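The next block holds one structure in the form of structure tokens; read it before the comments.
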Amino acid sequence: MFKKAEQLTFRKMIDGVELGTMVHGDETLMAQFKLKKGYDIPLHDHPHEQTGLLLSGHIVLIVDGTEYDVSPGDSWCIGADVLHGARALEASVAVEVFAPPRVDYIE
């Protein structure tokens, strides 16, 4: 699968958060998230391992009760079924890879 940057479309997930599914295969799915300043991704968990990279902005990532101050270039890996969420301190863009693929993110 291949997708040009200009082919990426976004959809609203929750207030202040947009999702763009980039590419996916049998084992992984890559997505881009846009977060508006002052919005949160509520604490949640899912059966997917989640590896991410902050491209721009500034967020606080909450993973299993620990808060991490995240700046551009910082990365993370959240295990399956681990409670996590985020707060956008600035307008931010992150890329995340999910394994196995999140079928609810496939367009």
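Hydrogens, waters and symmetry mates play no part in the numbers below; they use all other heavy atoms, side chains included. Note that this is a predicted model, so its numbers are computed, not measured.
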Specify the closest pair of heavy atoms between Gly52 and Glu96, including all atoms of both residues, with the distance to one decimal.
CA-CG, 3.8 Å

Using every non-hydrogen atom in the two residues, find where Val95 and Leu55 come nearest and quote the distance to one decimal.
CG2-CD1, 3.5 Å

Smallest heavy-atom separation, Gly57 atom then Pro72 atom, equals O-CD, 3.1 Å

Would you indicate whether the side-chain heavy atoms of Glu18 and Met13 approach each other to under 4.5 Å?
no

Residues Leu29 and Ala31: closest non-hydrogen pair is CD2-CB, 4.0 Å

Distance from Leu89 atom CG to Tyr39 atom OH, nearest 0.5 Å?
15.0 Å

Output the distance between atom CD1 (Ile41) and atom CZ (Phe33), rounded to the nearest 0.5 Å.
6.5 Å

Mind checking whether Ile14 and Pro42 have side chains closer than 4.5 Å, heavy atoms only?
yes

Say whether Leu35 and Phe98 are linked into one hydrophobic cluster, either directly or through other cluster members, by side-chain heavy-atom distances under 4.5 angstrom.
yes

Looking at Thr28 and Ala99, would you say the former's side chain and the latter's main chain have a donor-acceptor pair under 3.5 Å?
no

Are any side-chain N or O atoms of His46 and backbone N or O atoms of Ala80, one a donor and one an acceptor, separated by less than 3.5 Å?
no

Decide whether Val82 and Val60 are clustered together by the hydrophobic rule: side chain heavy atoms of Ile, Leu, Val, Met, Phe, Trp, Tyr closer than 4.5 Å, transitively.
no

Is Tyr105 linked to Met1 within one hydrophobic cluster, defined over Ile, Leu, Val, Met, Phe, Trp and Tyr using a side-chain heavy-atom separation of less than 4.5 Å?
no

Judged by atom type as modelled, is there a donor-acceptor pair below 3.5 Å linking the side chain of His24 to the main-chain atoms of Met30?
no

Hydrophobic cluster membership, with links at side-chain heavy-atom distances under 4.5 Å among I/L/V/M/F/W/Y: are Leu43 and Ile78 in one?
no

Between CE of Met22 and NZ of Lys3, what distance do you get to the nearest 0.5 Å?
8.5 Å

Do any N or O atoms from the side chain of Lys34 and from the backbone of Gly20 form a donor-acceptor pair under 3.5 angstrom?
no

Asp40 and Arg87 have their tightest heavy-atom pair at OD1-CG, 3.0 Å

Take atom NZ in Lys37; do more than 12 heavy atoms of anything else shown fall under 6.0 Å from it?
no

If you compare all heavy atoms of His58 against all heavy atoms of Ser71, which two are closest, and at what distance to 0.1 Å?
CD2-OG, 4.4 Å

Donor + acceptor pair across side chains of Gln50, Trp76 (<3.5 Å)
no

For Gln7, is the CD atom crowded, meaning more than 12 foreign heavy atoms sit under 6.0 Å from it?
yes

Taking a hydrophobic cluster as the set of Ile, Leu, Val, Met, Phe, Trp and Tyr residues connected by side-chain heavy atoms closer than 4.5 Å, whether directly or through intermediates, do Val17 and Leu61 fall within one such cluster?
no

